[in-house]
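Here is the structure we will look at, set down as structure tokens.
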Amino acid sequence: GRDFTERRRLQEALAEREREFRTLAEHSPDMVARYDLNCRYLYCNPQLLELAGRSLTEVLGKTPLELHDDESVRCYQDKIEDVLRTRGPAELMYILPIRPYTRKIYDHVRFTPEFDASGQLVSVLAIGRDIRKLKEIERRMSTLIDNLPDFIMRLDTQGRHIYVSPAVTKAFGVSDEYFLGKTTVDIGVTGDPDCDQELL
């Protein structure tokens, strides 16, 4: 009696969670898919199906590579396999090989391992976001920054140059490789113009 009631309550709770997941996934602007331990589709939301130009019956039970054998899809499936192997999350940014003659879709995908109540890995959830608009904004910003007459430099947390604008390289008469990956100390820019001129 009690075991049956508890088991039934647990099954009802799981079914309710699954309904909530599907409601969220099917109304999300993102592309959502769930894969089994063999990288086969368990679930695919309408947004992903529309993008891929496939029906749910074509997709379920197949691996991404079975649906489209392509180098970028190989990278995608490799990420699913990484999550299955490491039991940890992963990310991928790639260009989707969608139907011919359509514009490129830049996709940022997060892969998350899913575990059952006993801690067993049961599936991988993938959520992809089309970042084409973001890439276009980045391209415009890059064009703007590259054409500003101001000195613009970006440094990482260790103080190494990760970007220098063309105005900098032109003023110093060197290529950006002179700066990239180096700190101001590595380059020898001390702040003393006479000393710096000798160093350069």
Side-chain angles (χ1 to χ4, degrees), residues 28-35 39 47-48 51 63-65 68-98 102-115 119 121 123-200:
S28 169
D30 297 330
M31 291 154 283
V32 180
R34 181 178 269 153
Y35 301 93
C39 299
Q47 292 77 324
L48 184 53
L51 192 66
T63 68
L65 271 173
H68 192 97
D69 193 354
D70 177 274
E71 187 55 39
S72 59
V73 177
R74 162 52 58 202
C75 290
Y76 181 92
Q77 191 162 316
D78 284 348
K79 284 292 179 186
I80 300 168
E81 290 167 4
D82 286 348
V83 172
L84 291 169
R85 188 177 60 258
T86 65
R87 298 168 55 93
E91 290 187 34
L92 175 68
M93 187 121 58
Y94 79 128
I95 301 172
L96 279 169
I98 299 305
T102 61
R103 62 186 171 203
K104 291 176 180 173
I105 304 294
Y106 290 89
D107 205 23
H108 177 254
V109 187
R110 298 179 75 95
F111 300 89
T112 306
E114 296 184 303
F115 302 93
L121 179 61
S123 56
V124 174
L125 180 67
I127 300 176
R129 178 161 290 172
D130 179 4
I131 56 166
R132 183 178 56 236
K133 287 181 182 142
L134 183 60
K135 295 299 277 183
E136 178 58 22
I137 291 166
E138 281 178 5
R139 188 190 65 72
R140 287 182 184 172
M141 286 301 294
S142 179
T143 301
L144 174 67
I145 290 169
D146 285 348
N147 289 293
L148 284 174
D150 302 324
F151 280 23
I152 300 172
M153 298 181 180
R154 256 180 87 200
L155 307 175
D156 66 13
T157 54
Q158 281 77 45
R160 292 184 299 253
H161 291 86
I162 55 175
Y163 172 82
V164 291
S165 67
V168 174
T169 57
K170 185 177 177 187
F172 283 91
V174 295
S175 71
D176 58 356
E177 282 86 21
Y178 182 83
F179 291 93
L180 298 180
K182 299 174 193 156
T183 66
T184 305
V185 173
D186 295 335
I187 294 167
V189 180
T190 63
D192 179 338
D194 293 332
C195 182
D196 289 348
Q197 205 52 50
E198 287 174 27
L199 289 165
L200 294 172

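Index from 1, following the sequence.
- In this structure Thr157 satisfies the side-chain hydrogen bond (donor to acceptor under 3.5 Å, both in side chains) test with no other residue, sequence neighbours excluded.
- Note that CG of Asp78 is 9.5 Å distant from CG of Leu92, once rounded to the nearest 0.5 Å.
- With rounding to the nearest 0.5 angstrom, the NZ atom of Lys79 is 13.0 Å from the CG atom of Leu84.
- Residues that satisfy the side chain to side chain contact (heavy atoms under 4.5 Å, CB included) test with Ala167, not counting sequence neighbours, are Phe151, Ser165.
- Applying the salt bridge (charged side-chain N to carboxylate O under 4.0 Å, His left out) criterion to Arg160, with sequence neighbours excluded, gives Asp156.
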Pair Cys75-Glu71, side-chain contact (heavy atoms from CB on, under 4.5 Å): steps then yes or no: CA-CA 6 Å; Cys75 290; Glu71 187 55 39; 4.2 Å; yes
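- What you find for Gln47 and Asp30 is that their closest heavy atoms are CB-O, 3.8 Å.
- Interatomic distance, NZ of Lys182 versus NE2 of His161, reported as 10.0 Å (0.5 Å rounding).
- Summarising the geometry of Pro64 relative to Ile80, their closest heavy-atom pair is CG-CD1, 4.2 Å, with the distance given to 0.1 Å.
- For Arg87, the salt bridge (charged side-chain N to carboxylate O under 4.0 Å, His left out) criterion is met by no residue, not counting sequence neighbours.
- From Asp186, atom CG reaches atom CZ of Phe179 across 12.0 Å, with rounding to the nearest 0.5 Å.
- Judged as a side-chain hydrogen bond (donor to acceptor under 3.5 Å, both in side chains), and not counting sequence neighbours, the contacts of Asp82 are Arg85.
- In this view, Pro89 and Pro113 satisfy the side chain to side chain contact (heavy atoms under 4.5 Å, CB included) rule, not counting sequence neighbours.
- Listed here is the closest heavy atom pair of Leu48 and Ala33: CD2-CB, 3.9 Å.
- Among residues two or more places apart in sequence or in another chain, the side chain to side chain contact (heavy atoms under 4.5 Å, CB included) test is passed with Leu65 by Thr63, Asp69, Val73, Arg74, Gln77.
- Taking the salt bridge (charged side-chain N to carboxylate O under 4.0 Å, His left out) definition, one finds that Glu91 meets it with Arg110, sequence neighbours left out.
- The CD1 atom of Ile162 sits 9.0 Å away from atom CG of Leu180, with the distance rounded to the nearest 0.5 Å.
- Every side chain to side chain contact (heavy atoms under 4.5 Å, CB included) that Ala126 has, sequence neighbours left out, goes to Tyr35, Tyr76, Val109, Phe111.
- Residues passing the side-chain hydrogen bond (donor to acceptor under 3.5 Å, both in side chains) test with Thr169, sequence neighbours excluded: none.
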